[in-house]
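In each ligand, atom 1 is the first atom listed, and ligand 1 is the first ligand listed.
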Amino acid sequence: MENNNSVLLEMKNICKSFPGVKALDNVSLTVKRGTVHALMGENGAGKSTLMKCLFGIYSKDSGQILLNGKEVSFKTSKEALEHGVAMVHQELNQALKRNVMDNIWLGRYPTVGPFTSEKKMLADTAAIFDDLGIHVDPRTIMSTMPVAQRQMVEIAKAVSYHSDVIVFDEPTSSLTEEEVEHLFRIINMLRDRGCGIIYISHKMEEILRISDEVTVMRDGAWVATEPAAEMTMERIIKLMVGRELTNRFPPKDNEIGGVLLEVEGLTAMHSKLRDVSFNVHKGEIVGLAGLDGSGRTEVLENIFGVATRKSGVIRLHGKEVKNRRARDAIKNKFALLTEERRATGIFGILDIQENTTISSLKKYKVKGLYLSRKKMEESTEWSIRAMRIKTPSQDTKIRSLSGGNQQKVILGRWLLTDPEVLLLDEPTRGIDVGAKYEIYQLIINLAKEGKAVIMVSSEMPELLGVCDRILVMSGGRLAGEVDAKATTQEEIMTLAAKYA
Ligand SMILES: Nc1ncnc2c1ncn2[C@@H]1O[C@H](COP(=O)(O)OP(=O)(O)OP(=O)(O)O)[C@@H](O)[C@H]1O
Ligand SMILES: [Mg+2]
């Protein structure tokens, strides 16, 4: 048995600067054996950067890292892995064209002459998967697997290195509830074996449930480290934001007008979405609730035309619109913020301004081919301000922003297309509590301008706090509709189970 709760990892006075940003300012973190240590902070607080300094992706400017009492300074992530430090990234970075086994063992499998022993590799992989309860064929090509499974492969890789320290950077943002439970079982198992787990997430409930200790960072600095058992949600929020956040939702003062959007008999070609009909009024915020796989995202995708409709009619202002592809939909004044925005929406090598204005270029045209730089700057500035995007400048490359701030840029991009109908899929996923408030306020303001908003969210309090009406999906069908002010979580859950 390991000496439980002895110090495993110490990071002392870590500093790290990027051009124009002091990302880490004297941050210290101590992780004990056999514990889960949560790392929290607003978007851009420096959580991922701190972990990347540990993992050999960034080199720290100053400070000390001690692993089992010995100073270490990994130059590459391979070196970190070989010394028992593993990291499951916010953005999975895998060789997608190769299979599962290759991703786990690449570059280190014992060879027999010039050959790797495929058979032993298969057996070893199977043994780890068995241990972790992962049901995946090790020969599957990565690109054909859903994100959740790819993440499991990453965890298996960490385990295969017999890692002592495992960092999870927002691991659950695209997992279903069931997958989250599986992940938590694995994390608890690793903890019981004496690993030190560092867990980054914006989901308060998760943090309070899984962690033993919580460290909060703000603006690149350490703020507090306390036992999770003594923490409350209010206290964490206060430490993160630096002030009391008395309300999690802004007051609702949007006025609901006449019918703007009519959806009739929406049935999908390639999913089980069947016969969905509803209206959305001008100035109304309609929520789409339901379990994972109930068809919420499909409703948005079918309206927007990125998924193929089998039948059904969509009318805007009483006139039929035919969105056959995204381009039609944008022209017809629809906007869709997708759930997988980091994978599908980001032009990494372009800067913030380009990423912000790319879908609304028409707005900036002056005289033929020219674009007004000034107008583009103004729009980008609006977006940065409205959502408190943390960036040194507009010409910073988007990929150097923190994960949550990248998401805000993409949301800004869609808001700038002046849509009449906004389709938002999990608009606050990966966004910190303070910025969530700003985004709720933006959504309410858009409704006040007379736009129709449909938003999918897995967070029930968010639907109850922001929406006027909530439609509940179940098994690809519309199971019912409730008034957000009068309903309860129980009522929504009951409807969600209706055809599931
Ligand atoms: N490669 C880089 N180049 C320039 N700046 C960077 C780079 N990586 C991070 N930063 C900056 O460092 C700061 C901290 O970013 P970091 O990604 O650590 O935040 P985070 O706490 O993980 O936020 P989130 O919750 O949004 O993921 C941000 O201001 C970010 O823009
Ligand atoms: Mg991060």
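Using modelled atom types, no side-chain atom of E284 and backbone atom of A447 make a donor-acceptor pair closer than 3.5 Å. A donor-acceptor pair is defined here as one N or O able to donate and one able to accept, closer than 3.5 Å; such a pair exists between the side chain of K408 and the backbone of M387.
The backbone and the side chain of T49 each have at least one atom closer than 4.0 Å to an atom of ligand 1 (non-hydrogen atoms only). With a 4.0 Å heavy-atom cut-off, ligand 1 is reached by the side chain of H202 but not by its N, CA, C or O. No part of R399 comes within 4.0 Å of ligand 1, judged by heavy-atom distances.
Salt bridge E170/R429: absent, no basic N to carboxylate O contact under 4.0 Å. At a threshold of 4.0 Å, the pair D253-K448 counts as salt-bridged, since one of the basic side-chain nitrogens sits closer than that to a carboxylate oxygen. Between K238 and E234 there is no salt bridge, since no side-chain N of the basic residue sits under 4.0 Å from a carboxylate O of the acidic one. With respect to R235 and E226, a salt bridge is recorded, a charged nitrogen being found less than 4.0 Å from a carboxylate O. Ion pairing between a basic and an acidic side chain is recognised when a charged N comes within 4.0 Å of a carboxylate O; D468 and K252 show such pairing. Between K32 and D212 there is no salt bridge, since none of the side-chain N atoms of the basic residue sits less than 4.0 Å from a carboxylate O of the acidic one. R209 has a carboxylate O that lies under 4.0 Å from a charged side-chain N of E181, or vice versa, which qualifies the two as a salt bridge.
Ligand-side atoms of ligand 1 in range of E170: 25 (O), 27 (O), range being under 4.0 angstrom from any heavy atom. Counting the atoms of ligand 1 from 1 in the order shown, those under 4.0 Å from a heavy atom of N43 are 23 (O), 24 (P), 25 (O), 26 (O). Atoms of ligand 1 lying under 4.0 Å from at least one heavy atom of L401, given by number and element, are 31 (O). Close approach of ligand 1 to V21 (heavy-atom distance below 4.0 Å) involves ligand atoms 29 (O). Close approach to E42 involves these atoms of ligand 1, each under 4.0 Å from a residue heavy atom: 21 (O). Listed by number with element, the atoms of ligand 1 under 4.0 angstrom from any heavy atom of A23 are 12 (O), 13 (C).
Taking 4.0 Å as the cut-off, G41 does not count as a neighbour of ligand 1 on heavy-atom distance. Using a 4.0 angstrom heavy-atom cutoff, Q407 does not count as in contact with ligand 1.
Checked by distance only, ligand 1 and G44 come closer than 3.5 Å through their nitrogen or oxygen atoms. Taking only nitrogen or oxygen atoms, main chain and side chain alike, A45 reaches within less than 3.5 Å of ligand 1. In terms of polar-atom proximity, defined here as any N/O pair under 3.5 Å, G46 does make such a contact with ligand 1. Considering backbone and side-chain atoms together, G404 places an N or O closer than 3.5 Å to an N or O of ligand 1.
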* Determine, step by step, whether R388 and E438 satisfy the salt bridge (charged side-chain N to carboxylate O under 4.0 Å, His left out) criterion, reporting the C-alpha distance in whole Å, the side-chain angles of both residues, the deciding distance to 0.1 Å, and the verdict. => CA-CA 8 Å; R388 293 197 296 137; E438 319 282 330; 3.3 Å; yes
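Between E213 and T35, the side chains place no donor N or O within less than 3.5 Å of an acceptor N or O (distance only, hydrogens not considered).
Residue-and-atom listing of protein N/O/S atoms under 2.8 Å from the Mg ion (ligand 2), sorted by chain and number: S48 OG, Q90 OE1.
A cation-pi arrangement is found for R108 relative to Y161, the charged atom lying closer than 6.0 Å to the ring centre and inside a 45° cone about the ring normal.
For Y370 and Y364, the ring centers sit 6.0 Å or farther from each other. Between Y440 and F249, a ring centre-to-centre spacing shorter than 6.0 Å is recorded.
Comparing S402, P19, S17 against atom 26 (O) of ligand 1, the shortest heavy-atom distance belongs to S402.
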